[in-house]
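To find a chain, count down the sequence lines: A is the first, B the second, and so on, and within it residues start at 1.
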Amino acid sequence: MTMALSGQYMTNGLLAAGVLLLKVLAVIMPITVVVAYLTYVERKVIGYMQRRIGPHRVGYRGLLQPFADVFKLLLKEVLVPASANRFLFLTAPFLALVPALATWAVVPFWRGAALANVDAGLLYVLAMTSMTVYGIILAGWSSNSKYALLGAMRSAAQMVAYEIAMGFALVGVIMASNSLNLDRIVVAQAGGLHHWYIWPLLPLAVVYFICGVAETNRAPFDVAEGESEIVAGFHVEYSGAGFALFFLAEYANMILISALVSIFFVGGWLSPFEGLVPILGKPGLHWLALKMAFFLFCFLWFRATFPRYRYDQIMRLGWKVFIPLTLLWIGLECVWKAVGFGPWF
Amino acid sequence: MPDLRNFTLNFGPQHPAAHGVLRLVLEMEGEVVRRADPHIGLLHRGTEKLAESKPFNHSIGYMDRLDYVSMMCNEHAYVLAIERLLGIVPPIRAQYIRVMFDEITRILNHLLWLGSHGLDIGAMTLFLYCFREREDLMDCYEAVSGARMHATYYRPGGVYRDLPQRMPQYQPPADPKVHRSTRELERMNANRQGSLLDFIEDFCNRFPALVDEYETLLTDNRIWKQRTVGIAVVPPERALALGFTGPMLRGSGIPWDLRRKQPYEVYDQMEFDIPVGTEGDCYDRYLVRVEEMRQSNRIIKQCVDWLKANPGPVMLADHKVTPPGREAVKQDMEALIHSFKLFSEGYSVPEGETYAAVEAPKGEFGIYLISDGANKPFRVKIRPPAFVHLAAMDEMVRGHMLADVVAVMGTMDIVFGEVDR
């Protein structure tokens, strides 16, 4: 009797694990493909902004270029510098990539469609995104290169400053939605375009997105890589697959930040025409995808437009502008909430 | 107590922002530079010595390769020095052509400088914008000399040949896989229907708007200003003491320009302003150079108008110094002798010494030439502006951050061809 029962539990457990694995794959595989094509889109978009045409040789209009890049990187030799700490050097790329992918566990693609619809999802997001920096620090330290070390130090300092501003920006969202659950945060914005949090929380949304750009080490905050200063920063010693993993992590993080901004501030899968137009007003994954695409385009747009900040200027921006600004707005929001004006709170 | 030391960082020569082959040994305290020690010589080719072992004319091409971003200005100084020793003056039309191409070269140089300075500070789009215009100017080089960079166009006694009556045009691509429609080809050739002068005039009319375009990306950009304002400030007296010339000196507020102070060729008949900075920081030097592009454009316009109205010879008829031409060689005994002597032995330059300097885009580019009366120079000493500027590297970056080193290197506008010679 007991034996049979435990056996049944085991099959059930195995079945559940299998289903979960499939679900995880169903999230990770599309993300990987999007990462691949994001590199293509980046090169095309920036190319057209710079009066070039970008990749156009591999496949129709260069559409197979990402795969050519992947094969090239995978076939390259993985070089480990003689004086590097071998174990950490090889672990670091995974430490960068895993949090970038793990955060997706709580991201809802539409109503209730998250891998794990946990109540403290927002805290999990904050925890996971701050983990990314470990990969960078360890990569920089274990390479035993001065350029890499400088890159890692910059990245660590930047991360501390911007995590705080990012956290404060999210406090505003938590106050507005009364929830830490990402699903519920979106649902709380239902009711049409004017219910989205971007309107009452505009400064927080801007700060959050800029912090996101900084967290992913993208231009104009790419001091950790700082091509013209410290060559490639923390990943200067990486080649082949190790480099590919850092690349993957950076782009997965970009997509993640776009998804999070869409969810926190512009209503995730909700339609901007909600309650106005019959078919267009229906919520769905496509709205989330469109919003993400817009924010991803902004990432590329910034890169083509802005010069790079200096390291200390980034610090100043983080500590002296963003953190006071977010604090101020949280205070205002408290008052706003107590007075109870508008459709949001 | 452990012995604390600043760490040294080897910046270059294989570094994306080393502008060629600069090796900079930086003594750092965290991100702050305490001392910068530039190491040079990695591109040394012995130009001066090479020039001493060849007839005068043969070294003009070496001058192109010194500062390989402002080719014709280097030629100009060398040719000017020979002409002064020989006591000859080129025809007036040749002088106008030289002035025009000096200014085209200035724009070429400043465009490359602007693009790479932007790229160093992270604004990469500008780089490609600048190269779009450089392409047109390179075509002008090609139209007169056949070469896009190393022109060897100026010769003692004038310029190699007159401006072509027909601007070369784009042809349909030879590769059948590359598709280019007739309409696109027509669009690309639209401003190449007339002579070279028509093409340059068209460029002059377009260029100010394009400079505005570059400025929209940088001049009022907050990040650009944060990266350049107050960086590497050089007060005027220090600039003089360090031997700065060109935009580096004018950025510090001293209106010193050889085109005004010691006019050569027909610069005394040109109308142009000399922009100067007030603070002497990277931003001022940026503004000075951008304004210089506009002023060069003005000068080119004046030259084009004059050249269109005044045809004439572009080379002296003194065939001891200039080639008599192929047709004459076939018919005229004396021309044959001249031609043979000129291309084998060259010409002897009277004994003496001279210093000829031009206002190259980077500053004062001078040639100190000593002749002992032979057909080869006894000594050629090149005075490159960037060499002098590079010597101030330590003073300019001390106390700044690592990222500023890149900005300072950009603002100096260094090219290693002329630093190492």
Starting at [atom1] of [X], measure out to [atom2] of [Y] and round the result to the nearest 0.5 Å.
X         : Y         : atom1 : atom2 : value
Ile223(B) : Phe306(A) : CD1   : CZ    : 5.5 Å
Leu9(B)   : Leu150(A) : CG    : CG    : 6.5 Å
Phe7(B)   : Leu149(A) : CZ    : CG    : 7.0 Å
Trp224(B) : Arg308(A) : CH2   : CZ    : 11.5 Å

Checklist outcome for this item: Note: Phe11(B) and Tyr147(A) closest approach over all heavy atoms is CA-OH, 3.4 Å

Checklist outcome for this item: What one should report as the nearest heavy-atom pair of Tyr309(A) and Gln226(B) is CE2-OE1, 3.4 Å

[Y] side chain reached by [X] side chain, heavy atoms, under 4.5 Å:
X         : Y         : result
Thr8(B)   : Lys146(A) : yes
Met49(A)  : Met124(B) : no
Thr125(B) : Ile46(A)  : no

Checklist entry - Are there residues of residues 393-402 of chain B that reach to under 4.5 Å of chain A by heavy atoms, and which ones? => result Met401(B), Leu402(B)

Checklist entry - Residues of residues 202-216 of chain B under 4.5 Å from chain A (heavy atom pairs)? => result none

Checklist entry - Considering residues, nucleotides and ligands other than Arg86(A), do more than 12 of their heavy atoms fall under 6.0 Å from its CZ? => result no

Checklist entry - Within a radius of less than 6.0 Å around OH of Tyr68(B), do more than 12 heavy atoms belonging to other residues, nucleotides or ligands occur? => result yes

Checklist outcome for this item: With chain A, the option among Leu217(B), Asn221(B), Leu128(B) that has the most non-hydrogen atom pairs under 4.5 Å is Leu128(B)

Checklist outcome for this item: Whatever's closer than 4.5 Å to a heavy atom in chain B on Arg303(A) counts as both

At a heavy-atom separation under 4.5 Å, does [X] approach chain A through its side chain, its backbone, both, or neither?
X         : answer
Leu26(B)  : neither
Arg132(B) : side chain
Phe127(B) : neither

Checklist entry - In terms of side-chain geometry, is the basic nitrogen of Glu31(B) or Arg310(A) positioned less than 4.0 Å from the acidic oxygen of its partner? => result no

